[in-house]
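When a ligand or atom number is given, it counts from 1 through the structure's own listing order. Atoms considered below: every heavy atom in the structure, side chains included; atoms not considered: hydrogens, waters and symmetry mates.
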Amino acid sequence: MEDKNYLIMAASTTHMLSLDKSLRQNGIVTDMVPAPPEYGTVCAIAIKIFGKDLACAESLIKEVKIPIRGIYEQKVYALQGLLKRVGANVLSAEFLNALKKVERGDELVLSEIISLLSAKTEEEKRILFTAADRMRSEMVGDRVDIRGAIEFSNYCDKNCTYCGIRRGNRQLKRYRMSLTEILDVAAEIRRLGMNTVILQSGEDGTFTKEVIVSILRAIKGETGLRITLSIGERHFEEYKAFKDAGANNFLLKIETTNRELFKALHPDDDFDYRLKCSEWLKELGYLNGSGNIIGLPGQTIADIAADIMFFKQMGINMIGIGPFMPANGTPLEGHPVGDIDMTLKAVAVTRLVCKNVYIPATTALVSAHPDGQVMALKSGANTIMLVNTPAHYRRNYAIYGNKCPVDLTVAIDAIMEAGRKLPKFLESQEEGQVAHDIS
Ligand code: SF4
């Protein structure tokens with residue numbers, strides 16, 4: 001028992017957070033980890049403890065009377081046979097050692113994550129992507145989830161140096177969608193059969209707490225869709241009001257965990273406040289989204305590895321990883337597109353480290369490379385986000401240049417080419433009918 005690890009599944013996110021706090025206060029070392037599929041839905045989070053602390057944790061749970069769903073021995077997700085047909089001489093020693101740990105189902109430390117991200121040869125990359133694809137299949141299955149996004153305002157009060165809709169960009173035609181326009185698109189997303197809508201915008205103060213709450217209530221009332229918000233940093237009370245009004249998920253990307261780099265890229269932001277927002281979202285019971293950009297100026301492999309460790313340690317449920325894409329009218333306009341290989345390696349290693357999470361094949365990847373989404377789906381990704389913003393607004397949501405308009409046809413093509421299963425809502429429809437519906 002001593003050499004095993006255990007997972008505590010609390011009755012709710014709030015219970016989990018307060019139990020985690022109690023355990024730590026009593027000297028028990030804990031880790032928040034994505035719950036494996038057999039213990040909960042995708043995105044459930046568990047508290048991991050060491051076997052030596054089990055008896056102590058059990059008596060503490062009784063004492064503090066925090067309801068739990070159960071305590072389970074942590075199953076080891078080994079990828080047996082992973083290295084069977086690979087000649088050890090074609091892999092670097094560090095890379096091979098890290099992969100052996102993956103094969104045994106052991107947790108990786110930072111230096112091993114760096115070794116995997118440093119895969120150089122075609123054989124190293126092939127085996128890394130194969131491992132991630134197997135882990136994805138075991139953890140979240142073969143079906144690809146599709147979600148629809150409405151980019152409802154391209155106004156932003158901030159001036160991030162890489163972002164095309166930063167307030168200083170005068171080349172952009174600005175727009176805000178009305179409630180009626182937003183509801184029309186949400187209804188269309190529902191009609192197509194999707195379950196989740198993503199409401200995304202710049203940090204636009206015109207959309208006050210009250211306005212966002214009224215949008216959330218209207219969408220919930222009229223469509224019943226699950227709602228992901230992606231509207232940036234807010235105050236705790238606002239996040240709480242949005243949750244109370246029906247928001248389910250929140251996407252707030254960290255972009256980079258290198259504090260210096262974060263500061264250089266975000267003149268209006270404070271790294272600690274961004275972290276605080278992410279903690280609040282978790283505390284409030286949102287499924288918590290984050291992500292990073294690959295290819296930022298001065299970014300190192302160690303920075304990317306630290307980002308992946310952050311996703312794991314924060315118990316992030318949805319992780320968007322895209323290559324840097326230069327945007328017109330920004331200080332980084334001339335910076336090169338992020339490396340596709342490194343982006344795919346980051347997707348793969350994130351899957352191996354974070355396991356039971358949503359990882360999108362990002363729009364940035366397909367914008368950077370025509371096969372970007374297919375390659376991501378074969379390297380650990382399991383969701384695709386459509387851009388459902390009306391065409392006359394869409395071109396002005398130019399967070400970066402050459403943004404690919406991912407619609408249902410593009411998504412279906414990528415899923416089929418990757419040899420994966422369509423989402424359930426598309427299974428009963430003929431492909432031709434879908435293409436007709438969205439034209
Ligand atoms: Fe605004 Fe977000 Fe762009 Fe920064 S990254 S300028 S906060 S939309």
Carboxylate-amine/guanidinium contact Lys276 Asp272, below 4.0 Å:
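Looking at Lys276 and Asp272, the cut-off is not met.
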Before accepting this row, confirm whether a basic side-chain N of the pair Lys312/Glu107 lies closer than 4.0 Å to the acidic partner's carboxylate O.
yes
Does Gln373 reach the main-chain N or O of Ala361 with its side chain, forming a donor-acceptor pair under 3.5 Å?
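Indeed, once roles are kept as given, a pair shorter than 3.5 Å links the two residues.
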Which residue pairs satisfy the salt bridge (Lys or Arg N to Asp or Glu O under 4.0 Å) criterion with at least one member in residues 329-341, sequence neighbours excluded?
Lys125-Asp341
Just to verify, what does Arg136 make a salt bridge (Lys or Arg N to Asp or Glu O under 4.0 Å) with, not counting sequence neighbours?
Asp133, Asp142
Run the salt bridge (Lys or Arg N to Asp or Glu O under 4.0 Å) test against Arg217 and tell me which residues pass, sequence neighbours left out.
none
Quick one, list the residues around ligand 1 where some non-hydrogen atom comes in under 4.0 Å, by chain and residue number.
Cys156, Lys158, Cys160, Tyr162, Cys163, Ile165, Arg166, Gly202, Glu203
